[in-house]
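First the structure, in the form of structure tokens, and then the observations on it.
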Amino acid sequence: MELLRGKTLLIIGLGLIGGSLAKALKRNGAGVTVFACGRNQEQLETALLDGSIDGWCIDPVELSLQADIILLAVPVLSVKPLLQTLKGNMKAGAIITDAASVKGRIVEDFKATLGDDYRFFIPGHPIAGSERSGYSASRDDLFVNRKVILTPMAAAEPLAVRTVAALWQVCGAEVHGMQVQRHDEVLAATSHLPHLLAYTLVNTLLGHGAQREQQQQVFDYAAGGFADFTRIASSDPLMWRDIFLSNQTATVSILDIYIQDLQRMRELILQAEGDTLRQEFQRARQARNQFINRFDANRNREGNGRRDRPANIQEADNMDYLARPGGQVKGDIRVPGDKSISHRAIILGALAQGVTRVSGFLEGEDSLHTLQAFRDMGVVITGPENGELSIYGVGRKGLQAPRKPLYLGNSGTAMRLLCGLLAAQTFDSELSGDKSLNRRPMRRVSEPLQKMGAVVETDEQGTPPLRIKGAKLHGIDYVMPMASAQVKSCLLLAALYAEGETRITEPAPCRDHTERMLSGFSYPLQRSDEGRVCTIAGGHELQATDIDVPADISSAAFFLVAATITPGAELRLRHVGVNPTRTGIIHLLQAMGADIRLENTSQAGGEPVADILVRHAPLHGINVPEAEIPLAIDEFPVFFIAAACAAGETILHGAEELRVKESDRIQAMADGLSILGIENETFADGIRIRGGDIRGGEINSKGDHRIAMAFAVASLRAAEPIVIRDCANVATSFPGFLTLANAVGMQVSVQGRN
Ligand code: S3P
């Protein structure tokens, strides 16, 4: 942790949090001189004797001028007077941070004392603690695998953010970022309200006035439930008084909701509504068990080899869709952000110098896995909140070794791109994924990387997990055997670190978001032969930039087909990315007779975008031109549904890549189409589909998001309902698909729920 070495930290308030941080910094050899300031001289002496601190004072100004970083670990309402004392008694550029459970009030107090323009104040909150308080309760492992939330202001100095992040990361914590207000709302619900309830329940049982003595006997019989529920009522009363006084709005609003819920439960009991009560308890039990499992998985990450799904990514339990015929397609919608661009925004933003602000980010599981991987490598990322996030870039050489294997879920893009990046680091790493990802071919990246000097090991079948040893790379001249943007991007990322030039030639044009975005980050590269050859030299730096992620044309594709095949349909899709390396689906559908028009074309962050207007039109079958295949590679499942609704035959050859996507998409679609009564014939590299009448039936999506959504679209022309099994992975690329599908008039729901 170079950012910390040689720095002096002054901790004001040597209680549980301050004491634990001091101990953890020493245990982990952070190279920080730690001073403490407190009121209890005996405790300060103990801390000095046990080696947790290097010096202490009672009056903060005695040592504040020596500090590079000052941590305020005192109750919320003590912060303001403390800041007044510190004002004028700090080094220029000293970083100030805090550990309070409330952020809005602290920020206000800070602005009122040190002014709006102090760029070195980085509010923080470690989500760790205990009902015990004081230095005697402190532990050097208190922050291991715990989250610390930073709420930096827009104007905050990026280096100060990274330094405060490093302070907690070196103690084993995972650093997240959030907006101030959101922090206070989240904490009001998850921490402040439970404390209020615990305190209140104890007091309720304690009774008031005359009843008091009699009531006290109740405690003699209070066993596990009472003790469990009220554990946190042993917390520090002064600290909690300050928290409630400082977070009034958010705590009162969640309290009001809770009171309403309690009133409802009261009614249910009075009315003896046993079934409803049981359902309520059942719902809560399920939710709590799920939460506890995730919480424990996260805590136990330390030392258990393979890393489980990170706790902040909620992969849905399995689910089936019921798609009813007779739906409509009308309206004006915006589908979620582009998946490919979202992955790349995180990757390049993390490697850049400065802060990259992203809007329109896809909050789907795949891109969230990439985000989590970079948090695991020490990058501070605030959000995502409504698709917005800020990435505090660490520079090309600033990534830290992840403590555990990086888990990438279902995402082939994350695995292949990260493989190239990690092969060039100074540390070793391991990448793993879910069942589907662990079956996908990785030699397409490991072999060219090995030519660059990389040490990447797959298992015997050439599949994940990938074990990567950091190595020094050199440039190569590589002609890709397949038109794969993932392979190209993997090599481009490796090339940022390689000595000399890397030249990559693609057999046919495939998506070029990495090249465009590298230019957006001011990284020099040359493209020739209509973009098919890309030459790039290692050793330059990336400069942070803002990125507006357009809506994903691959998600829009489901609606392009839905509207095209549905009589009377008319739909406008807003702000869709129409990069020419992605618009194959539009060309193919137009060649079949579709009525698709682009309007309001413009540029967003180096990518062309447009609104797309699509109306119903009768289709006829086509021979798919091979050059269009890489430009429509992810859209074939839903394109096959268009083919099933077209007059005559549609024939596809040269698309063997479809067999190694999230599922074997040729087979999965052929099986499903046959069940729905659509005649087809598969080839090693494609399929022939004869359009016809679609029946109902039960389809297995094979856990592939795009197969699931394609068959949901098929229901618009089906005679009977279609049940689609195994649809949870729709959340990898298209969170909110069901809501949007129903908003335009389709009739798709989770089976068993209305
Ligand atoms: C992607 C490239 C394509 C595509 C995938 C996303 C990317 O994969 O299928 O969904 O973001 O680079 P291939 O490179 O394997 O064709």
Side-chain angles (χ1 to χ4, degrees), residues 336-348 361-362 364-367 369-370 408-421 433 436-437 439-448 462-464 478 480-494 504 506-518 531 534 549-550 552-558 577 579 581-585 607 626-639 654-666 668 685 704-707 709-710 729-730 732-734:
D338 188 281
K339 181 150 74 76
S340 293
I341 299 177
S342 295
H343 282 299
R344 287 156 172 84
I346 298 280
I347 298 173
L348 298 190
F361 180 77
L362 169 68
E365 285 168 9
D366 277 12
S367 37
H369 276 115
T370 294
L408 301 171
N410 195 244
S411 179
T413 307
M415 181 162 293
R416 293 189 178 126
L417 270 56
L418 284 186
C419 179
L421 176 65
S436 147
L437 182 53
R439 282 197 296 260
R440 296 183 66 186
M442 292 296 151
R443 289 209 176 107
R444 56 181 60 202
V445 288
S446 65
E447 286 177 0
T463 49
Y478 188 66
M480 295 197 301
M482 76 285 284
S484 163
Q486 292 179 353
V487 174
K488 176 172 63 171
S489 304
C490 160
L491 299 181
L492 284 170
L493 290 171
I504 306 163
E506 53 194 12
C510 54
R511 67 189 71 186
D512 64 355
H513 306 301
T514 310
E515 297 92 307
R516 286 172 185 258
M517 205 183 279
L518 278 168
C534 184
V549 181
D552 197 331
I553 190 167
S554 297
S555 298
F558 298 101
N579 179 320
T581 59
R582 296 286 298 280
T583 44
I585 183 66
E607 293 278 346
E626 283 204 23
E628 294 287 354
I629 294 173
L631 314 181
I633 190 70
D634 290 338
E635 286 64 77
F636 281 102
V638 77
F639 172 75
E656 50 282 284
E657 277 294 299
L658 292 181
R659 295 214 180 258
V660 289
K661 293 293 177 191
E662 284 83 329
S663 67
D664 174 345
R665 286 184 173 162
I666 293 177
D685 66 345
D704 183 330
H705 53 136
R706 300 201 201 280
I707 304 286
M709 289 185 277
N729 275 338
V730 166
T732 59
S733 69
F734 202 151

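Numbers here simply count residues along the sequence, with the first being 1. Atoms within a ligand are numbered from 1 in the order they appear, just like the ligands themselves.
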**Request:** List the atom of T370, the atom of A414, and the distance in Å for their closest heavy-atom pair.
**Result:** OG1-CB, 3.3 Å
**Fill in**
Nearest non-hydrogen protein atom to atom 10 (O) of ligand 1, with distance, is D634 OD2, 2.7 Å
**Complete:** atom 2 (C) of ligand 1 has as its nearest protein heavy atom Q486 CG, 3.5 Å
**Item:** For ligand 1, the portion of M482 having any non-hydrogen atom under 4.0 Å away
**Value:** neither
**Prompt:** Do R516 and I341 have side-chain heavy atoms sitting under 4.5 Å apart?
**Reply:** no
**Item:** F558 and R706: CA distance, side-chain angles, deciding distance, side chain to side chain contact (heavy atoms under 4.5 Å, CB included) verdict
**Value:** CA-CA 9 Å; F558 298 101; R706 300 201 201 280; 4.1 Å; yes
**Complete:** re atom 12 (O) of ligand 1, the protein heavy-atom contact at minimum distance is R344 NH2, 2.6 Å
**Prompt:** To the nearest 0.1 Å, how far is atom 14 (O) of ligand 1 from its closest protein heavy atom, and which atom is that?
**Reply:** S484 OG, 2.6 Å
**Request:** Say whether I633, considering both its backbone and side-chain N or O atoms, lies within less than 3.5 Å of an N or O atom on ligand 1.
**Result:** no
**Request:** Identify, with sequence neighbours excluded, every residue that meets side chain to side chain donor-acceptor pair (under 3.5 Å) alongside E662.
**Result:** R665, H705
**For atom 15 (O) of ligand 1, the protein heavy atom that lies nearest, with its residue and separation** = K661 NZ, 3.2 Å
**Prompt:** Does E657 come within less than 4.0 Å of R444, counting only side-chain N to carboxylate O?
**Reply:** yes
**Message:** Does this structure show an ion pair linking D634 with K339, if we count only N-O contacts that are shorter than 4.0 Å?
**Reply:** no
**Request:** May I ask you to identify the nearest protein heavy atom to atom 11 (O) of ligand 1, giving residue, atom name and distance to one decimal place in Å?
**Result:** S340 OG, 2.6 Å
**Message:** Tell me the protein heavy atom at minimum distance from atom 6 (C) of ligand 1, and give that distance in Å.
**Reply:** T413 OG1, 3.4 Å
**Prompt:** With a 4.0 Å cut-off on heavy atoms, does K488 reach ligand 1?
**Reply:** no
**Request:** Evaluate the side-chain proximity of L658 to D685: yes if any heavy-atom separation is below 4.5 Å, no if none is.
**Result:** no
**Item:** Geometric N/O contact K339 with ligand 1, under 3.5 angstrom
**Value:** no
**Request:** Taking the side chain as every heavy atom from C-beta outward, state whether V445 and M415 have any atom pair closer than 4.5 Å.
**Result:** no
**Item:** Within-shell test, H343 vs ligand 1, heavy atom, strictly < 4.0 Å
**Value:** no
